[in-house]
Structure formats: C-alpha cells, structure tokens
Protein chains: 2
Amino acid sequence: MKKKESTKELILRTASELFQRQGYHGTGLNQIIEESGAPKGSLYYHFPNGKEEIAVEAIKLMKKHLLEGAAKDLEEKDTAAEAFQYHIHKIASDFEKKHQMEGVQIGLIASETAATHESLRNSCQHAYADWQALYANRLIAYGYEKEMANDLAVTINALIEGAVTLALTSASGSPLYSVARQLPSLLKQ
Amino acid sequence: MKKKESTKELILRTASELFQRQGYHGTGLNQIIEESGAPKGSLYYHFPNGKEEIAVEAIKLMKKHLLEGAAKDLEEKDTAAEAFQYHIHKIASDFEKKHQMEGVQIGLIASETAATHESLRNSCQHAYADWQALYANRLIAYGYEKEMANDLAVTINALIEGAVTLALTSASGSPLYSVARQLPSLLKQ
DNA sequence: GTCTATATAAAGATAGAC
DNA sequence: GTCTATCTTTATATAGAC
C-alpha cells in the first residue's frame, strides 16, 4: 500500500511543478498554498527559511525525477545514438501529449537565479553535475573513452536544455525532433 | 557625431540588460527606473501598456544585437565548422571577461513566459525564427542543402542556448568550449 | 515630455490560537 | 502540526503639477 503523501511532500511537489512552469520569481508562495491546498502556516513550519529553502528542496526533487527518467530511457539500447535518440523522443512525445514540460528542465530556475541567488545556482549546478555523470557513464558503457564521454555528456545536456526551451517557445515538439535527427552524427564513433 | 540616447532608448537598454540577467519576473519596474535614472512618469509615457510592452520592445532590441553579433562572427571563414566554432568561442570569451552574458540569450524570458504571457512567447518565437534563418542561410552558403541546413540551424541554436545556461550555472565558460569541440562532428559534410 | 507623490494590489514573512 | 489573521515590503500602475 502506498503511503499517503505528507503535507511537506505535497507542498514540495506543487512548488516543483510551478517553478518549472513559471520560474522562481514567477511563482508566489500564495499560489503554492492555493494550488496545494496546504495552509501558509504549514509552509513556514516545514520550511522555516521560506521561499529559497522550498526552491532548494524542489530542485533536489526535480533532479531525482530527472535522473530516474533518464536512466530508464537510456537502458538496453544497442548503440549510444539509439539510446539518446529514444530519450529525446520520449521528452518530445510527453510534451506533445501534455503541452507542458514535466521534470525535464531546471534551466529556467538556473538562469533566473544564477546572478542573484547563490544557493539556488549551487543546487542547479549539482543537479547538472549528476545528470552529466549519468550521461557520461552510459556513454562509457557504450565504448567511449572517458574524456570524450564527458565532453559529449555536456554537449547532449546543452542540446536537450536548449531544445526544450525552443519547444516551449514554439509550442511544438519539432525542435526536439530536429535535434534528435542530428544526434547520430554527434555520436558516430 | 553619435546622437545622444533618448530616454526611451535608455529605458529600453536598461530593461533589456536586467531582463537578460534576472528574467522578466525577477526584474521590477522600480529597478529599471533606478538603474536607468529615468523617472517613472517617463516610463509610462513611453510605454503606456506598462511592463509587458517594455518587455516586447526589449526582446526586439535583444534580437537586433543577437543577429548583428552572429552575422559578424560567421563572416569569412573557410568552413561551416570554423565559422560556428568561432561564434561560440566569442560568446565564451565574452562571458569569461565580464562574468555575465550580454545579448546572447532570450531563452530565460522565453521559458518564463511561454506558459503565461502569449505576447512575450510570440516575440521570443519570432526572435528564434530570425536567428535560425540567419544560421540556415550561412549553412546553405557553406554548401548545405536546404532541409539539412534548417535542421542544423535549430540544433546549433539549441546547443548554444543550452550551453549558455550551463555556463551561467557553473559560472564558467567551460560548457561552451565542450560544445565547440563537438561541433565539427555535427558539421562534417 | 518630465517628474513626484500616491493609489492599490500582491509579494514574502510572522504571530499566536488551536 | 495546523490554521487564520496580520505585518511589512515591494510590485505595478496612475494622477496631476510643471
């Protein structure tokens, strides 16, 4: 039996969704309260340091989902190109179904806060580091040498972040498919 | 002799810088007033529709600078790979000098407003379209066939947007250099 | 066209009863 | 741990003198 979601988890999940869709500054605590149904008192009980603390925890949650999703997508494919193409196609089809990104992008919060909120910039940096480590390990498993794998991991990470931004802006999965078509030349060993 | 910057231009330039660094919601009109030195009355005189109107104009200005910079970077190189590598290296070294991005990224505003402010999403979409058209035209000049050039233009656009996000987050130009190193395999004709 | 003062709403945060 | 009421600051926006 699945354990019931605690108030803290509920707040965090709601915040995580809103931050991804509207960004850090675009999301108010009042909105988190309203959408989650949790009372404001509870919010400050569970997160005494307020908005910034919620965001740090929300980024950790996004990272967790990000890594789980990516790890699953990259399993059991014959080549690196196939694996990452499948990964990107998955993101694209999810987006086209729901018309919103879900657990694929921390770039918005990262860009917003890089110049002004050191603790959030740091959280995002750690998320990217773990993400890229996962990609690099998969690439090594497909036969790439370590240094090359690291460079490619960064490149694929950038490619996906950028393509997600373009997809949101054009309200279409098409940029993701363009990128996926070009992946094989990047991963031709 | 250079014409003196009008109040309207001053407001727009200041807003454009702040929006790029802190995003749309992270930048208040009061901050634009303070940093530009312009009075609040003037702001609403020149932009009667308030913040959203300023942002639409600011995005147009960013696009202009973006296109001018890119066009210049991509001139007179022997191969497409050389041209775009030079372009990315230029972005990276600019970033390392000033520790902030200047006129390279509209992705932040785009992602922030895609779900909530249709007019801004639209402005960003047009900026990306022009940007990609410039890239595609350069690629065609380097001998690529039209459809391939379009796909590559989208891919390089995504790559740069994503790498800029990673650079801001890690406070380092390194992701841009990683991406630049991988460009040749993408542009091997 | 410029500038200040002000209205009004919303933000983040806190206090204290239960 | 939960909930409401409230404080303070900041946001966007306006009015009206000059």
Side-chain angles (χ1 to χ4, degrees), chain A residues 3-59 108-109 111-113 115-121 123, chain B residues 3-59 108-109 111-113 115-121 123:
Chain A
K3 206 167 53 183
K4 196 176 151 279
E5 190 175 40
S6 72
T7 301
K8 186 171 182 178
E9 287 167 338
L10 173 65
I11 292 173
L12 222 44
R13 182 171 55 79
T14 308
S16 169
E17 286 165 13
L18 291 172
F19 283 147
Q20 286 183 78
R21 199 183 325 141
Q22 310 175 338
Y24 180 71
H25 293 292
T27 303
L29 296 185
N30 291 321
Q31 195 184 4
I32 298 175
I33 291 310
E34 277 163 36
E35 293 220 6
S36 69
K40 190 173 279 195
S42 296
L43 190 151
Y44 276 97
Y45 172 78
H46 291 293
F47 307 93
N49 292 110
K51 192 177 188 180
E52 198 158 324
E53 185 178 355
I54 297 181
V56 168
E57 295 299 319
I59 292 167
L108 171 49
I109 303 181
S111 302
E112 263 187 299
T113 60
T116 49
H117 295 66
E118 182 61 13
S119 71
L120 297 180
R121 188 194 65 77
S123 296
Chain B
K3 204 167 53 183
K4 197 177 152 282
E5 191 175 38
S6 72
T7 301
K8 185 171 182 176
E9 287 168 337
L10 173 66
I11 291 172
L12 222 42
R13 182 171 55 81
T14 309
S16 168
E17 287 165 11
L18 290 172
F19 283 148
Q20 285 182 78
R21 197 180 328 139
Q22 311 175 337
Y24 180 71
H25 290 113
T27 303
L29 296 185
N30 291 322
Q31 195 185 5
I32 297 174
I33 292 311
E34 277 162 35
E35 293 219 5
S36 69
K40 190 171 282 194
S42 295
L43 189 151
Y44 275 97
Y45 172 78
H46 291 292
F47 307 93
N49 293 111
K51 191 177 187 180
E52 197 157 326
E53 184 178 355
I54 296 180
V56 168
E57 294 300 318
I59 292 167
L108 171 50
I109 303 181
S111 302
E112 264 186 301
T113 60
T116 49
H117 295 69
E118 182 61 13
S119 72
L120 297 180
R121 188 194 65 78
S123 296

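Residue numbering restarts at 1 for every chain, and letters A, B, ... go by the order of the sequence lines.
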Between [X] ([atom1]) and [N] ([atom2]), how many Å, whole number?
{"X": "B:Ile11", "N": "C:dC3", "atom1": "CD1", "atom2": "P", "result": "10 Å"}
{"X": "A:Leu29", "N": "D:dC7", "atom1": "CG", "atom2": "P", "result": "19 Å"}
{"X": "B:Ile33", "N": "D:dT12", "atom1": "CD1", "atom2": "C1'", "result": "11 Å"}
{"X": "A:His25", "N": "D:dA11", "atom1": "NE2", "atom2": "C1'", "result": "13 Å"}
{"X": "B:Lys40", "N": "D:dC18", "atom1": "NZ", "atom2": "P", "result": "21 Å"}
{"X": "A:Asn49", "N": "C:dA13", "atom1": "CG", "atom2": "P", "result": "9 Å"}

Side chain of [X] only, heavy atoms from C-beta on: which candidate in [options] is closest?
{"X": "A:Thr7", "options": "C:dA13, D:dA13, D:dT2", "result": "D:dT2"}
{"X": "A:Tyr44", "options": "C:dG12, C:dT4, D:dA13", "result": "C:dG12"}
{"X": "A:Ser42", "options": "D:dT12, D:dT2, C:dT2", "result": "D:dT2"}
{"X": "A:Tyr45", "options": "D:dT2, C:dG12, D:dT12", "result": "D:dT2"}

So, for A:Ile109 and A:Phe19, which heavy atoms are closest and what is the spacing to 0.1 Å?
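Taking every non-hydrogen atom into account, CD1-CB, 3.6 Å.
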Take A:Asn30 and A:Gly41, find for each the nucleotide of DNA chain C with the closest heavy atom, and name the residue whose nucleotide sits nearer the 5' end.
A:Asn30
Side-chain N or O of A:His46 closer than 4.0 Å to phosphate OP1/OP2 of D:dT2
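True: A:His46 side-chain N/O within range (under 4.0 Å) of D:dT2 OP1/OP2.
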From A:Leu120 CG over to A:Thr113 OG1, what is the distance, rounded to the nearest 0.5 angstrom?
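It comes to 4.5 Å.
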Ignoring hydrogens and angles, tell me if any N or O in the side chain of B:Glu112 forms a donor-acceptor pair with the backbone of B:His25 under 3.5 Å.
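Looks like yes, one N/O pair under 3.5 Å.
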